[in-house]
Amino acid sequence: WRLQQETKHEMAIIDPSVNTTFAINDKEDDGSFEIGDVMDFAFTYKNSSDLLLKNAELKLTLEGDTKLLDLTKFRFSGKKPPEVKDNTITWTKANFDGLEKIEPGKDASIEWSIPSVTSSEAFGKDAKNLKITSSISFTFDLEDADIKKEDFPDKKHDIISRLASEATLLSEARYYDDDRSKVGSGPLPPEANSSTSFRIYWRLQNTMNDLEKGVVKMQLPADITWDQTAKAESGSITYNIEDRTVVWSIPKIAAHTNPADGKMEAYFNITAHPTQDDLGKVIILTGETNFTAKDSFTGDEVTAKGSILNS
């Protein structure tokens, strides 16, 4: 037996790993923002492979209600500005040095910010459930032509940013109503050793999205008593005698609710009992008033505080 021919095949084993992250306001998942917030974007990449990458390109495409962002105030890190066209921002080797060649083990980050607009008026008074999708694509070529590009797929990330609703709780103590009708009783100003009652009004304002499971809660001061007069235009208002807490529960608060509509209002009467020790002092009528609800669109908790009322 005699060996006729020997053939050797060499195979390179490579690690096809290019790691990227994309975050908005330090969060890599979908999130929410409020009118006037600044959106801070960060993209990082690392060539964890054994190959040289070249001609990389990073492209951000904004989709959806893009007028929520003010691209005229776009800010970036780096010496040269990226290309901004319509709702797309592009970084290439022409404006970011780290993209021409990415050596094995090399990493870098690209950061920029875009403020949101300070008003939603451009969308109309009935606009709701507004959102922006930020889509990132990171593409590159391989230095080694013998390696299949499909083993090194381009990177893509999408983050949805939903505009959150904002609520305002207005609280007011009245002795006379707007039409000068008497809604309180007793001496005004209050007198020592006499009782004076006031009507407390709560009104809610809501902006962009429907809210659900709304609750307004307040604990009465020790020297204030609850009267039986109470009414809620929406939901129900109750008083717990054990912990002296007034609770207004509202199952749903529609987007663009305005206090002037009178639909999201509740009132109740309380009575103050000043003594000689209260002479010359301001009588505190209510404790801290807090509102909580769930934003039906973003899933976030929405909160607001009402003023502590006095005589």
Side-chain angles (χ1 to χ4, degrees), residues 9-33 37-66 68-116 131-163 298-300:
H9 296 277
E10 294 184 357
M11 179 179 295
I13 300 176
I14 61 172
D15 179 10
S17 180
V18 178
N19 301 318
T20 60
T21 65
F22 177 48
I24 300 178
N25 293 337
D26 297 322
K27 187 176 181 181
E28 296 181 27
D29 300 319
D30 296 347
S32 62
F33 66 101
D37 283 354
V38 175
M39 310 280 278
D40 292 320
F41 298 77
F43 178 81
T44 66
Y45 63 87
K46 181 176 182 179
N47 182 5
S48 300
S49 76
D50 305 318
L51 299 177
L52 176 68
L53 312 181
K54 63 178 184 179
N55 301 329
E57 178 182 280
L58 175 66
K59 180 179 290 187
L60 168 70
T61 303
L62 301 173
E63 299 173 319
D65 301 300
T66 56
L68 284 169
L69 296 183
D70 187 354
L71 276 173
T72 65
K73 297 180 180 178
F74 165 76
R75 297 292 181 268
F76 63 94
S77 63
K79 298 178 180 179
K80 299 178 182 179
E83 179 186 359
V84 180
K85 185 177 180 181
D86 297 328
N87 294 312
T88 300
I89 304 173
T90 306
W91 288 263
T92 65
K93 63 182 181 182
N95 50 50
F96 192 81
D97 293 338
L99 296 177
E100 183 173 7
K101 290 185 178 181
I102 308 175
E103 303 282 350
K106 181 69 174 180
D107 60 12
S109 65
I110 301 176
E111 299 177 354
W112 66 98
S113 65
I114 309 173
S116 64
K131 65 181 181 180
I132 299 169
T133 299
S134 301
S135 298
I136 279 283
S137 66
F138 185 65
T139 61
F140 50 86
D141 298 326
L142 301 178
E143 178 76 7
D144 192 335
D146 294 331
I147 305 300
K148 295 180 179 179
K149 181 63 170 66
E150 53 262 34
D151 292 334
F152 285 77
D154 297 329
K155 299 293 183 176
K156 298 181 183 296
H157 301 269
D158 293 326
I159 294 180
I160 298 174
S161 302
R162 294 176 172 86
L163 180 61
T298 67
D300 296 341

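Hydrogens, waters and symmetry mates play no part in the numbers below; they use all other heavy atoms, side chains included.
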query: Parallel under 30°, tilted from 30 to 60°, perpendicular over 60°: which one fits the rings of Phe22 and Trp112?
result: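 If you compare the ring of Phe22 with that of Trp112, the planes turn out parallel.
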Looking only at non-hydrogen atoms, find the nearest pair between [X] and [Y] and report the distance.
| X | Y | answer |
| --- | --- | --- |
| Val38 | Asn25 | O-OD1, 3.4 Å |
| Phe140 | Asp154 | N-OD1, 3.6 Å |
| Phe33 | Ser161 | CE2-O, 3.6 Å |
| Phe76 | Pro81 | CZ-CA, 3.3 Å |
| Ile102 | Leu52 | O-CD1, 3.5 Å |

field: Worked check of side-chain contact (heavy atoms from CB on, under 4.5 Å) between Leu60 and Thr88
entry: CA-CA 6 Å; Leu60 168 70; Thr88 300; over 6 Å; no
Can you give me every donor-acceptor pair (side chain of residues 89-100, partner residue at least two apart or in another chain, under 3.5 Å) with its distance?
unit_1	atom_1	unit_2	atom_2	d
Thr92	OG1	Ala94	N	3.2
Lys93	NZ	Asn55	OD1	3.1
Asn95	OD1	Thr92	N	3.0

Residues two or more places apart in sequence or in another chain: which of them pass side chain to side chain donor-acceptor pair (under 3.5 Å) with [X]?
| X | value |
| --- | --- |
| Asn47 | Ser49 |
| Ser32 | Asp300 |
| Ser137 | none |

task: Kindly indicate, with the supporting measurements, whether the criterion side-chain contact (heavy atoms from CB on, under 4.5 Å) is fulfilled by Leu71 and Asn87.
output: CA-CA 8 Å; Leu71 276 173; Asn87 294 312; 3.9 Å; yes
task: Answer yes or no: is there a side-chain heavy-atom contact under 4.5 Å between Ile110 and Leu58?
output: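 Yes; the side chains approach each other to less than 4.5 Å.
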Distance (rounded to the nearest 0.5 Å) between [X] [atom1] and [Y] [atom2]:
| X | Y | atom1 | atom2 | result |
| --- | --- | --- | --- | --- |
| Leu68 | Leu62 | CG | CG | 10.5 Å |
| Phe41 | Ser134 | CZ | OG | 4.0 Å |
| Ser113 | Phe74 | OG | CZ | 7.5 Å |
| Lys155 | Thr21 | NZ | OG1 | 11.5 Å |
| Lys59 | Lys156 | NZ | NZ | 9.5 Å |
| Ile160 | Lys131 | CD1 | NZ | 5.0 Å |

- prompt: Between the side chain of Ser17 and the main-chain N/O of Ser48, is any donor-acceptor distance below 3.5 Å?
  reply: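 No, the answer is negative, given that no donor and acceptor are paired below the 3.5 Å cut-off.
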- request: Mark yes or no for whether Ser116, through its side chain, and Asp37, through its backbone, hold a donor-acceptor pair below 3.5 Å.
  value: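 Yes, because the side chain of Ser116 sits within donor-acceptor range (under 3.5 Å) of the backbone of Asp37.
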- prompt: Which residues pass the side-chain contact (heavy atoms from CB on, under 4.5 Å) test with Asp107, sequence neighbours left out?
  reply: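 In terms of side-chain contact (heavy atoms from CB on, under 4.5 Å), with neighbours along the sequence ignored, Asp107 is linked to Lys46.
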- request: Just jot down the side-chain contact (heavy atoms from CB on, under 4.5 Å) partners of Lys27, sequence neighbours excluded, or say none.
  value: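 With neighbours one apart ignored, the set is Asp29.
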message: Between Ser135 and Thr61, do the side chains contain a donor N or O and an acceptor N or O under 3.5 Å apart?
response: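 On atom types as modelled, these side chains do not qualify, holding no pair under 3.5 Å.
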